[in-house]
Amino acid sequence: MPFSLLDGLMADVAPWFLAWGPPVVYLLLCVIANRTAARRRIPVPNNLPPTPAPPDLHPVLLGALVNHSDSNVTNIENACEVAFAAIVRLVGRGGATFEERGHAERPLSETEENTGPVAESGRRRHRRSRRTTIADRLIHAYGSHLWITVTNREPERHDRDALELVMPPDARSASVEDLCARMWHASSYDPLRHFLGSYDDELCEAGLATRPNPLLQLVFAPLISFALSAWCVLGPMVAVPEPDTRLVPAAIVLFLTVMICRAILVDLGLRLTPEGAHVLGTVDANVRWVEAALHEGPSAFHDLGGAQTADLLAALVAVGCHELAADLADCLVASGDMDGGEGSAASQAARLCMRRRYVDASTMRRDATVLDLLLKQVRDLERRLS
């Protein structure tokens, strides 16, 4: 009799375990993986003394290290920031120039573009760039006279990768308007998504990061996650002899739970080593130094050399502090006290990062940096393709 009761119980329970057991076990594995990663995570030191000396690491690698997590490494805004940081450093090191050719134009209104003596010349001058919206006219007025020219015939690989990502194809000279058009084009989406992840091997070889356990990568591979999520809905239909339609809401809730927990709790990105954490700690010390120096005033920057200024600006942009970099650039340009004078490479790098007048009624903003416009184009690109 007991055996008959046990057999009957198993016969009733087994289909339900087959239907929803795998997703529940997968959820438990997500929690275990999250807690294990948290225990093993190397903390970034926050007690290093403030310093203006950035890490001795190219901005592209620094940006890839900062964005090493699974969710950040494919973020196209992060990729754009990091590539722009490399260009800032290239300009500051003399491998490229940033110059103003002429003066900023006043944006043409739609009435001016389409009527009167301005119309014909306006059509000829702007037809190529297809400035059909107010945003296009604002970008033209802001950046058509701001030019980046690569003077180094053989830039190093990281600089070359950044230039290929941001500059128009096969161009050694381009205006900010051209860069914005490049970031807006659909062909830029995949290169932006894969830009940071392409340096994973280099970060591991440099001892700054390590890859997660191969077993973890196998268990939480996208295909496995999708199959387990789909089983939440298909399982009851396949395994339970007489599925009830009232199970559908529960199946959908479990499906969403599995998808969300996999996305939030499991990170298959690189893991920092103590050396990598120290590099990020140094950047944090750079940020604290700049914040304190800006509070003190321009006199705090007198001892900065030209190359150090450019490297500091590039490091701030690479780690996502481009607003702080703009504050620093504004202060340096306003003071006019930079190593080498106004035409120096460091001065050009600062002018590349500084804010300029950009009146956009839709966002109520009065100024913007070059990077602000590039990021706006990237966000528009992501919205169009999502």
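None of the values given here were measured: they were computed from a predicted structure. Positions are given from 1 along the sequence.
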Say whether [X] and [Y] are linked into one hydrophobic cluster, either directly or through other cluster members, by side-chain heavy-atom distances under 4.5 angstrom.
{"X": "Ile42", "Y": "Leu268", "answer": "no"}
{"X": "Phe226", "Y": "Ile224", "answer": "no"}
{"X": "Val24", "Y": "Leu29", "answer": "no"}
{"X": "Leu385", "Y": "Leu375", "answer": "yes"}

Can we say [X] and [Y] salt-bridge, meaning some charged N sits less than 4.0 Å from an Asp/Glu carboxylate O?
{"X": "Glu156", "Y": "Arg93", "answer": "no"}
{"X": "Arg157", "Y": "Asp161", "answer": "yes"}
{"X": "Arg384", "Y": "Glu382", "answer": "no"}

Please list, chain by chain and in numerical order, all residues satisfying side-chain contact (heavy atoms from CB on, under 4.5 Å) with [X], sequence neighbours excluded.
{"X": "Ala174", "value": "Met167, Pro168, Asp178, Leu179"}
{"X": "Leu215", "value": "Asn213, Val219"}
{"X": "Arg271", "value": "Ala37, Thr210, Pro212, Leu216, Asp267"}
{"X": "Ala300", "value": "Ala293, Glu296"}

Would you compute the distance between atom [atom1] of [X] and atom [atom2] of [Y] and round it to the nearest 0.5 angstrom?
{"X": "Glu100", "Y": "His145", "atom1": "CD", "atom2": "NE2", "answer": "4.5 Å"}
{"X": "Trp231", "Y": "Leu254", "atom1": "CH2", "atom2": "CG", "answer": "12.5 Å"}
{"X": "Asn75", "Y": "Leu192", "atom1": "CG", "atom2": "CG", "answer": "10.0 Å"}
{"X": "Leu272", "Y": "Arg40", "atom1": "CG", "atom2": "CZ", "answer": "15.0 Å"}
{"X": "Leu61", "Y": "Leu208", "atom1": "CG", "atom2": "CG", "answer": "8.0 Å"}
{"X": "Asn152", "Y": "Arg160", "atom1": "CG", "atom2": "CZ", "answer": "10.5 Å"}

Quick one, [X] and [Y] - any side-chain contact, counting heavy atoms below 4.5 Å?
{"X": "Leu294", "Y": "Leu324", "answer": "yes"}
{"X": "Arg182", "Y": "Pro169", "answer": "yes"}
{"X": "Leu270", "Y": "Leu65", "answer": "no"}
{"X": "Glu81", "Y": "Leu371", "answer": "yes"}
{"X": "Leu316", "Y": "Val290", "answer": "yes"}
{"X": "Thr282", "Y": "Pro54", "answer": "no"}
{"X": "Thr257", "Y": "Val253", "answer": "yes"}
{"X": "Asp372", "Y": "Tyr358", "answer": "no"}

Partner set under side-chain hydrogen bond (donor to acceptor under 3.5 Å, both in side chains) for [X], not counting sequence neighbours:
{"X": "Arg355", "result": "Glu323, Asp327, Asp330"}
{"X": "Gln308", "result": "none"}
{"X": "Asp380", "result": "Arg383"}
{"X": "Asp201", "result": "Arg211"}

Please check this pair: side chain of [X] against backbone of [Y], looking for a donor-acceptor N/O pair closer than 3.5 Å.
{"X": "Thr151", "Y": "Gly95", "answer": "yes"}
{"X": "Arg288", "Y": "Leu48", "answer": "yes"}
{"X": "Asn67", "Y": "Gly63", "answer": "yes"}
{"X": "Arg356", "Y": "Arg351", "answer": "yes"}
{"X": "Gln348", "Y": "Phe98", "answer": "yes"}
{"X": "Thr273", "Y": "Gly207", "answer": "yes"}
{"X": "Asn286", "Y": "Ala53", "answer": "yes"}
{"X": "Tyr142", "Y": "Ala368", "answer": "yes"}
{"X": "Gln377", "Y": "Cys180", "answer": "yes"}
{"X": "Ser144", "Y": "Ala141", "answer": "no"}

* To do: Determine whether more than 12 heavy atoms belonging to other residues, nucleotides or ligands lie under 6.0 Å from atom CG of Asn47.
  =>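 Yes, enclosed.
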* Taking atom CZ of Arg172 as the centre, does the number of heavy atoms from other residues, nucleotides or ligands within less than 6.0 Å exceed 12? ->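 Enclosed: over 12 neighbouring heavy atoms sit under 6.0 Å from CZ of Arg172.
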* What do the steps show when you test Ser335 against Phe301 for side-chain contact (heavy atoms from CB on, under 4.5 Å), and what is the final call? -> CA-CA 10 Å; Ser335 68; Phe301 304 108; over 6 Å; no
* Can Arg89 and Asp311 be said to form a side-chain contact (heavy atoms from CB on, under 4.5 Å), step by step? -> CA-CA 6 Å; Arg89 177 183 178 273; Asp311 290 350; 3.8 Å; yes
Considering all heavy atoms, the nearest [X]-[Y] contact:
{"X": "Ala162", "Y": "Ala83", "result": "CB-O, 3.6 Å"}
{"X": "Thr369", "Y": "Cys353", "result": "CG2-O, 3.4 Å"}
{"X": "Pro191", "Y": "Ser187", "result": "CD-O, 3.2 Å"}
{"X": "Ala325", "Y": "Val317", "result": "CB-CG2, 3.8 Å"}
{"X": "Cys232", "Y": "Ala251", "result": "O-CB, 3.4 Å"}
{"X": "Ala86", "Y": "Asp159", "result": "O-OD1, 3.9 Å"}

Pair listing, ring pair (Phe, Tyr, Trp, His ring centres under 6.0 Å) test, anchored in [range], at least two apart:
{"range": "residues 23-70", "value": "Tyr26-Phe220, His58-His158"}
{"range": "residues 176-195", "value": "Phe195-Tyr199"}
{"range": "residues 305-325", "value": "none"}

* To do: Not counting sequence neighbours, which residues clear ring pair (Phe, Tyr, Trp, His ring centres under 6.0 Å) with Trp147? List them please.
  =>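 Trp147 satisfies ring pair (Phe, Tyr, Trp, His ring centres under 6.0 Å) with no residue once adjacent residues are dropped.
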* **Polar side chain donor-acceptor pair, Glu177 to Ser175, under 3.5 angstrom** =>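 There is no such pair between these side chains.
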